[in-house]
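To start, the structure under review is shown below, and the notes come after it.
Residue numbers begin at 1 in each chain, while the letters A, B, ... track the order of the sequences.
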Amino acid sequence: MRRYLRLLGIFWRSAVATELEYRANFVGNAVLSVFWLGWAAAGVSVYFRFTDSVGGWSYPELLVVVGLFFTMNGFQYAALSPNLERMTEYVRQGTLDFLLVRPVDAQFMVSLRYVGVYNLFDPLLGLVLAGIGLAASGRGLSPGRGLAFLLLLGTAFVLLYALTVALMALAVRLVASEGLGNLLEGVVETSRFPTQAYRAPVSTVLTVVPVAFLTTFPAQALLGRGDARLLLVAPAVAAGATVLASLAFRRSLRSYTGASA
Amino acid sequence: MREPDLLVAYRGLLRASLQVELTYRGRLVISLLSGLFPLLLLAVWLTVTAQAGAPAGFGRADLIAYYVAAAVLFQLTSSYLAWVWDADLRSGELSARLLRPVDPFHQYLASALANRAALLALLAPVLAVVAVVVPQVRYPVTPAIVVGTALAVLLAFVLSMLMAMSFAMVGFWTTQSGSLYSLWWGLGSFASGWVAPLDLMPPWLRALAVALPFRTTIGFPVELLMGRLDGGETALGFGVGLAWAVAFALAYRVLWRRGLRRYQAVGG
């Protein structure tokens, strides 16, 4: 375990060091991140010219969801898609062979090797907006709600990671996998709004497909209008999804015959 | 380059570009998926209208018709050339393009045209299904509207390409041209009809949008297609769009001449 954490540290440090050589880029992208956060917050305000609540969410409450969407989107671009993108190349060029012979767990190497530095601060920026939304909603914060929120936020990260691993397993089997990254993006993009903002049957589907777990449930917990049962269900779902995705990944490797040499 | 030569060159460029597009069909499908965003906005509008009633003058059917058309317009007219340029400048690919006997402008234009033609071929069957399944997707089809919309879509394509190319030229001086174009596009998306139909925006923004270049790229062709514009508004829309297209074409040309003098090839 410690060895893996150390490896992760090395991966991240090297990514940051490379990026810091291009400081103007780094600053430019940080400015752009703040801009898109403001863009997302201003964009949803148009609805409130015609109504006080979208699917039961006031504007400040909706900002919590938009902030969490930004967090999830940033997590996706920083940690998940840089690795998922390389999957096609791994399988097609046989680079996967070289990863498999290393004395490190294959799933670890394939899913956590690369970091997208441009979006490294997006998760934090998103949390800032969620905080602003919470403050503006006037609902205050209690330690219990804070803890529930952190637990559900954690399960959201884990679920998104599990989904990525499952897509990677699919990539090994399909070989052609350009569209898989878009599937991940689509799931995250849909979590831009709380599931109640969509109408049945779409909103029901989104609870089953884990979109609701990404932003709606953590936001509800933070605002104190969540369902307490979720605190048991969500971690169980996340754990189950991770185990299933890992199994699927291992099975897909068994069907992989190598492409190098 | 003499006119007939340019036509011959275009035939070759278009054929080559189209072949590239058809070789990487997967890429086309991916760019189609970026159409999810307007459909999400539409879904939320439908929830809002179900709970609070439709905004005056913009009913549920209008919302559906608007966003479906806007999603298609975005596919056909948005330009990714700022990023292509950025990559070409950094990798030194621009040097290779400069060596060819056709101005890079035409090379990029031909590749963008081929991309949209392939995309349209891919979109057409999807749209046919949508039109059958969703009865709200209906537009008043008169000869005037069909011709007008076709011209407006062409103008939208040309203007967004010229804007992207002008911003791409900033790449000769800084590595931030892609980011700058993102900012420009992002700010403009409030006035273009991308974030919401301009009819649903605050009056001051609507008034401003008429004079800005952004509405030409999405809102104007869609409103025209929906039959929401009278003769005067249509003429004004074309006039404003054409004026901006000329302005950006000049800006591109000036920046291109100056930038090229600064250009020191990377790589090679």
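- Within the 4.5 angstrom heavy-atom criterion, atoms from both the backbone and the side chain of Tyr198(A) approach chain B.
- Crowding of Trp12(A) atom CH2: a count of heavy atoms from other residues, nucleotides or ligands under 6.0 Å not exceeding 12.
- The OG atom of Ser189(B) lies 5.0 Å from the CH2 atom of Trp39(A); values are rounded to the nearest 0.5 Å.
- When each of Val44(A), Leu32(A), Asp52(A) is scored by its heavy-atom pairs under 4.5 Å with chain B, the top score falls to Leu32(A).
- Contacts between Val48(B) and chain A at a heavy-atom distance below 4.5 Å involve the side chain alone, from C-beta outward.
- Judged by distance alone, the side chain of Gln51(B) and the main-chain N or O of Val54(A) form no donor-acceptor pair under 3.5 Å.
- Residue Arg225(A) qualifies as enclosed at atom CZ: its count of foreign heavy atoms under 6.0 Å is above 12.
- Between Gln176(B) and Gly28(A), the closest heavy-atom pair is OE1-CA, 3.5 Å.
- Of the inter-residue distances, the one linking Phe50(A) atom CZ with Trp45(B) atom CH2 reads 5.0 Å to the nearest 0.5 angstrom.
- Using a 4.5 Å cut-off between heavy atoms, Leu39(B) makes no contact with chain A at all.
- Contacts of Leu180(B) with chain A are absent, with no heavy-atom separation under 4.5 Å from either backbone or side chain.
- Contact tally against chain A (heavy-atom pairs below 4.5 Å) for Gly186(B), Ala196(B), Gly178(B), Gly53(B): the top residue is Gly186(B).
- Between chain A and the options Leu46(B), Leu40(B), Val195(B), the largest number of non-hydrogen pairs under 4.5 Å is found for Leu40(B).
- Atom OG1 of residue Thr49(B) and atom CZ of residue Arg199(A) lie 7.0 Å apart, to the nearest 0.5 angstrom.
- For chain A, the option among Pro202(B), Ser182(B), Pro55(B) with the highest count of heavy-atom pairs below 4.5 Å is Pro202(B).
- Of the atoms belonging to Glu185(A), not a single heavy atom falls under 4.5 Å from chain B.
- For Ala54(B), no part lies near chain A; criterion is any non-hydrogen pair under 4.5 Å.
- With a threshold of 4.5 angstrom between heavy atoms, Tyr47(A) approaches chain B through its backbone and through its side chain.
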